[in-house]
2 protein chains.
Amino acid sequence: MRVLIVEDEMELADTVALGLRREGMAVDVAYDGVSGEEHLEANAYDVLVLDRDLPGVSGDEICKSLASGGSPVRILILTASTGIEEKVAGLGLGADDYLGKPFAFIELVARIRALARRLEARVGPKLIVDDVTLDPATHQVHRAGRPIDLTRKEFAVLEYLLLASGSVVSSEELLEHVWDDSADPFSGVVRVVMSRLRQKLGPPSVIQTLSGVGYRIADDR
Amino acid sequence: MRVLIVEDEMELADTVALGLRREGMAVDVAYDGVSGEEHLEANAYDVLVLDRDLPGVSGDEICKSLASGGSPVRILILTASTGIEEKVAGLGLGADDYLGKPFAFIELVARIRALARRLEARVGPKLIVDDVTLDPATHQVHRAGRPIDLTRKEFAVLEYLLLASGSVVSSEELLEHVWDDSADPFSGVVRVVMSRLRQKLGPPSVIQTLSGVGYRIADDR
DNA sequence: ATCGCTTGTTGCAGGGATGTTACAAGGCCC
DNA sequence: GGGCCTTGTAACATCCCTGCAACAAGCGAT
C-alpha cells in the first residue's frame, strides 16, 4: 500500500511516516503543499494523509483539485480544528475521512487500512481470460478494465464459455445448459446471442467460431 | 443493516427492536435460543444481539456454533453479569463485543454500528460517490452540497447501494439486507423505494438499473 | 467459380421486468 | 384522539430483453 503524507509539522510527519512504515506501508512525506502536489503527480498513491492547515498551497485546494480531477486517491484529512462544521466542510471538499489532532496512532492506521480496503472493489472469485473478467457474484464483466453491461442470457453464455476454459462448446451444449426446456433447437438463438455478445465485447474478438463444431474462448494470443 | 435480537425478556427485546428500527435498521426478534437459531439459518444478518442467559439453548452455545461454523455474523453479547472475567470469557467464545445490563440505548446503537462498520470495511463518517454524500451517523444525505431528506428505508437502501461501491445489487439482496422477515418477496417495494429515491436525488441519475439483474450506483467518471 | 450449408446481422413483436402514481394502513408525535 | 409522515399494495404505463424470421455473408467442396 502506497501512502503520501503532506504535513508541515516535520516532527509529526516523520513520526507518523515511521509508524506507518513499521506497519508495512510504503510511505512518502512532503512538508508543504507544492511538494505534495509534485509527489501526487509523479506517483500513484492509494491513500493521501493531508494536513488541512498548510503553508503555501492549502490542503483544501489540493483536496478540491484531486476530487475534480477524478483521482482515485483516497484522502484522509488531518486538522487541529475538530468542530463538526469543520468536519462537514472538509468532507464536502471530497475527502473520504477526517481525523482531528491530537489522534491515537492506532486509529490513524485503522482508518488508512479501511480506506485502502474500500478502494478495492468488492471482489469475488472471478473468471479471467486475457483481458476479460467475469464476476459471477456481482454479475459484472470487464474488458480491459472497462465495465460491460450484459443481459442475463448474454452473461450466462459468456460464463459458460469461460468455464469451458478454451475448449469448444457446441450450440447444442449451450442450448442444453444455458436455455431451458422451452428452447427451440432449430432456432438460431445462439447465433443471435453470440452476435450481440461480440458486439458488446468489441474487438479484438474473444469468441472464436469453429465451423460445424462450435464456439470457444480465444486463449492464445 | 439487518439485525437479530435473541433475548428472553420480551419487554426488553421489543423496546430495543423498536429503537433500532427507529434508527433505520431491519430488526427481527427471537425470544429463545431455538427460535434464534432458526432465524440465523433462514436469514443473512449483519449483527446478532445475543442475551447470554437464555432458557433452552444458551447464548454461549449459539455463539460457539456460529464461530466454529465460520459465520460472518458479528455478535454482541448482552448480559447481567458485568465482571471483567465474564467479559473475557464471552469474547473467548467468539463474540465481537460485550455489553452489561443495564446499558444506555445510545451505547448499544453505537456498538452495533461499530460492528457493522467493521463487517463492511467502512470507515469514517461519510460515504461519498460523485456528488452524493451519506453520513450514517447523522442520517444526512447531500447531493451537490444540498441536503436531501430521506426516510429511514430510503436511507438504508441508498446506504446499501453505496457500500456495494458500484457492484450490482439485486432486489432479492436488498430485501434480504434492508428489510426484515415481514417483507413480501413478491411485492414491488424495492421498485417503489427506488422510484422515490431517484425522485429525491434528482438528475443526473445516480442509480442505474440493469434489467433482470439489479441496481447499482453509477460509477462512471 | 458455383453451389450448398453454416454462421452473422438486423428489424420486429410479444411478454416479462421495471417505473410511476394513487391510495390505504399503520406508526409516531403532540 | 387527530394529523402528519412513512411504508407497502395495487393498478397501470413503460421499457427492454428475448427469440423469431428474413436476409446477408462466410466457408468448404466439387
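Quick note on labels: first sequence line is chain A, next is B, and so on, each numbered from 1.
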Measure [atom1]/[X] against [atom2]/[N] and give the value in whole Å, please.
{"X": "A:Leu175", "N": "C:dT7", "atom1": "CG", "atom2": "C1'", "answer": "15 Å"}
{"X": "B:Asp149", "N": "D:dT7", "atom1": "CG", "atom2": "P", "answer": "12 Å"}
{"X": "A:Glu154", "N": "D:dC16", "atom1": "CD", "atom2": "P", "answer": "14 Å"}
{"X": "B:Ile207", "N": "C:dT20", "atom1": "CD1", "atom2": "P", "answer": "11 Å"}
{"X": "A:Phe155", "N": "D:dC17", "atom1": "CZ", "atom2": "P", "answer": "15 Å"}
{"X": "B:Asp184", "N": "C:dA25", "atom1": "CG", "atom2": "P", "answer": "17 Å"}
{"X": "B:Glu23", "N": "C:dC28", "atom1": "CD", "atom2": "P", "answer": "13 Å"}
{"X": "A:Leu197", "N": "D:dC17", "atom1": "CG", "atom2": "P", "answer": "13 Å"}

| What is the distance from atom CG of B:Leu134 to atom CG of B:Leu161, rounded to the nearest 0.5 Å? | 10.5 Å

Quick check on [N]: is either OP1 or OP2 less than 4.0 Å from any side-chain nitrogen or oxygen of [X]?
{"X": "B:Lys153", "N": "D:dT6", "value": "no"}
{"X": "B:Arg152", "N": "D:dT6", "value": "no"}
{"X": "B:Trp179", "N": "D:dG8", "value": "yes"}
{"X": "B:Thr151", "N": "D:dC5", "value": "no"}
{"X": "B:Gln199", "N": "C:dG19", "value": "no"}

| task | Answer yes or no: is there a donor N or O on one side and an acceptor on the other, between the side chain of B:Asp51 and the main chain of B:Leu54, under 3.5 Å? | result | no

| task | Output yes when a side-chain donor or acceptor of B:Glu176 lies under 3.5 Å from a complementary backbone atom of B:Ala44, and no otherwise. | result | yes

| Using the C1' atoms of five pairs at each end, what's the angle between the two axes of the helix from C:dA1-D:dT30 to C:dC30-D:dG1, to 10 degrees? | 40°

| said: The test is side-chain contact (heavy atoms from CB on, under 4.5 Å); show your working for B:Met194 and B:Leu174 and say whether it passes. | reply: CA-CA 11 Å; B:Met194 283 297 168; B:Leu174 280 170; 3.6 Å; yes

With heavy atoms under 4.0 Å as the rule, sort [X] into base, sugar-phosphate or nothing.
{"X": "A:Leu150", "result": "nothing"}
{"X": "A:Val192", "result": "base"}
{"X": "A:Tyr215", "result": "sugar-phosphate"}

| Which residue lies more 5' along DNA chain C, comparing A:Gly214 with B:Ser195 via nearest heavy atoms | A:Gly214

| request: For B:Met194 and for A:Arg198, locate the closest nucleotide of DNA chain C by heavy-atom distance; then report the residue assigned to the nucleotide nearer the 5' terminus. | output: A:Arg198

| request: Go through the steps to decide whether B:Arg22 and B:Val109 satisfy the test side-chain contact (heavy atoms from CB on, under 4.5 Å), and finish with yes or no. | output: CA-CA 11 Å; B:Arg22 231 176 259 167; B:Val109 173; over 6 Å; no

| Nearest-nucleotide 5' precedence on DNA chain D, A:Gly188 against B:Val189 | B:Val189

| request: Using the six-membered ring wherever Trp is involved, compare the ring planes of B:His39 and B:Tyr45 and label them parallel, tilted or perpendicular (cut-offs 30° and 60°). | output: tilted

| message | Is a donor from one side chain sitting under 3.5 angstrom from an acceptor on the other, for B:Tyr31 and B:Asp14? | response | yes

| Contact pattern, 5' to 3', of nucleotides 23-30 of chain D - B, S or - by protein heavy atom under 4.0 Å | --------

| query | Does the pair B:Asp180/B:Arg2 count as a salt bridge with the N-to-O cut at 4.0 Å? | reply | no

| Thinking salt bridges, do B:Asp60 and B:Arg52 make one under a 4.0 Å N-O criterion? | yes

| Do A:Arg196 and D:dG19 have a side chain to base donor-acceptor pair shorter than 3.5 Å? | yes

| query | Got a sec, which residues hit side-chain contact (heavy atoms from CB on, under 4.5 Å) with B:Val192, two or more places apart in sequence or on another chain? | reply | B:Arg196

